[in-house]
Amino acid sequence: MAGLDDVFGDLYASIDAVLLFSPSGSYYERFADVDDLDVIVVGTENPVNADVFVELPLAFDDIKERIKFGLEGALEQDLIEDGDQLICATSLYGDEIDTVSRVRADAETHTGIYDLFVKSRAEPAVIKAVLELAIELGKKGQKGKPVGALFVVGDAGKVMNKSRPLSYNPFEKSHVHVGDPIVNVMLKEFSRLDGAFVISDAGKIVSAYRYLEPSAEGVDIPKGLGARHMAGGAITRDTNAITIVLSESDGLVRAFKAGELILEVDPEAY
Ligand SMILES: Nc1ncnc2c1ncn2[C@@H]1O[C@H](COP(=O)(O)OP(=O)(O)OP(=O)(O)O)[C@@H](O)[C@H]1O
Ligand SMILES: [Mn+2]
């Protein structure tokens, strides 16, 4: 009788590496005995202490996004090469790995999502904290109503030079950083009001209520989005900041870098 290997064996025949998405310790250890196999662990954290690790900024509910980010990170770190045949083992239905996909590494589908976190001026942890905040704000809104918000992260001096205050700056003399629970409450309160938050490379909140005045020439943002997104996109071309924008109208969180839309996530999925 033919075994299942005859059918599913093609899936893992002559692959170049295995990407394990958030494996448990025991699952990861089972790969130690497999000869000549490159194992890459991908996840928001690395509790198994894998030497070869790609960090995800988010758990990515959408499996395609998760794999895309993992591959992009692995390519950037030179762990895999364009054209490599890979097995991605991840979880779809629960916490355990239950899904195996065979994919080909394609350097051309580069979205910039890995660069956004790892190669921006601001610290990756700061960008991640702001992204989480925007997602949380998008999920809950302000007293049940949808809210919009614009966070400019990194290169704060230049961003301040390309913007002006709309109101008094509640962060003027404070030394507060993103990620601090108190700050999250404050930011949510202030996000009801106009303008942008300006955050430094290290996560210090420099200002709220900034009206951005970048040159928007040649900046392309998706149709249907307005001034907040235009300003949010354009400031990332004029400076080395990245922006995270929560839309009041469609509820999505978007990230821009170098004038390009890099990431679009639905807060409801997290
Ligand atoms: N240049 C700017 N700098 C900072 N904030 C801005 C700027 N332009 C607009 N905003 C803010 O964005 C808010 C919404 O503007 P608008 O509806 O035109 O943007 P949008 O891109 O459609 O965003 P949304 O999807 O949230 O509606 C404004 O009320 C204002 O607070
Ligand atoms: Mn609008």
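Ligands are counted one by one from 1 in listed order, and the atoms in each one are counted from 1 as well. Numbers for residues simply follow the sequence, beginning at 1. Being a predicted model, the structure only gives us computed values, none of them experimental.
Of all the heavy atoms of Ser247, the ones lying under 4.0 Å from any atom of ligand 1 are found in both the backbone and the side chain.
Judged purely by atom type and a 3.5 angstrom limit, Arg121 has no side-chain atom pairing as donor or acceptor with the backbone of Ser200. Asp238 contributes no side-chain N or O that, together with a main-chain N or O of Pro214, makes up a donor-acceptor pair within less than 3.5 Å.
Residue contacts with ligand 1: Met230 is placed with no nitrogen or oxygen under 3.5 Å of a nitrogen or oxygen of the ligand (distance criterion only). For ligand 1, the polar-atom distance check against Ala227 finds a nitrogen or oxygen pair separated by under 3.5 Å. For ligand 1, the polar-atom distance check against Leu212 finds a nitrogen or oxygen pair separated by under 3.5 Å. For the pair Gly224 and ligand 1, the shortest N or O to N or O distance does not fall below 3.5 Å.
The atoms of ligand 1 that sit less than 4.0 Å from any heavy atom of Gly195 are 4 (C), 5 (N), 31 (O). Set against the non-hydrogen atoms of Ala231, the atoms of ligand 1 under 4.0 Å away are 1 (N), 2 (C).
A salt bridge is absent between Lys139 and Glu268; no separation between the charged side-chain nitrogens and carboxylate oxygens falls under 4.0 Å. Between Arg254 and Glu264 there is a salt bridge, since at least one side-chain N of the basic residue sits less than 4.0 Å from a carboxylate O of the acidic one.
The residue among Glu248, Arg228, Arg254 with a heavy atom at the shortest distance from atom 13 (C) of ligand 1 is Arg228. Of the candidates Ser249, Pro146, Ala216, the one placing a heavy atom closest to atom 24 (P) of ligand 1 is Ser249.
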Practice item. Any chance you could lay out the salt bridge (Lys or Arg N to Asp or Glu O under 4.0 Å) test for Glu123 and Lys128, step after step, and finish with the verdict? Key: CA-CA 9 Å; Glu123 289 168 18; Lys128 194 169 160 174; over 6 Å; no
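Hydrophobic clustering of Ile, Leu, Val, Met, Phe, Trp and Tyr side chains at less than 4.5 Å, counting indirect connections, keeps Phe151 apart from Val198.
Look at Arg210 and you'll find a heavy atom under 4.0 Å from some atom of ligand 1.
With rounding to the nearest 0.5 Å, the separation of CZ in Phe21 from CZ in Phe60 is 10.0 Å.
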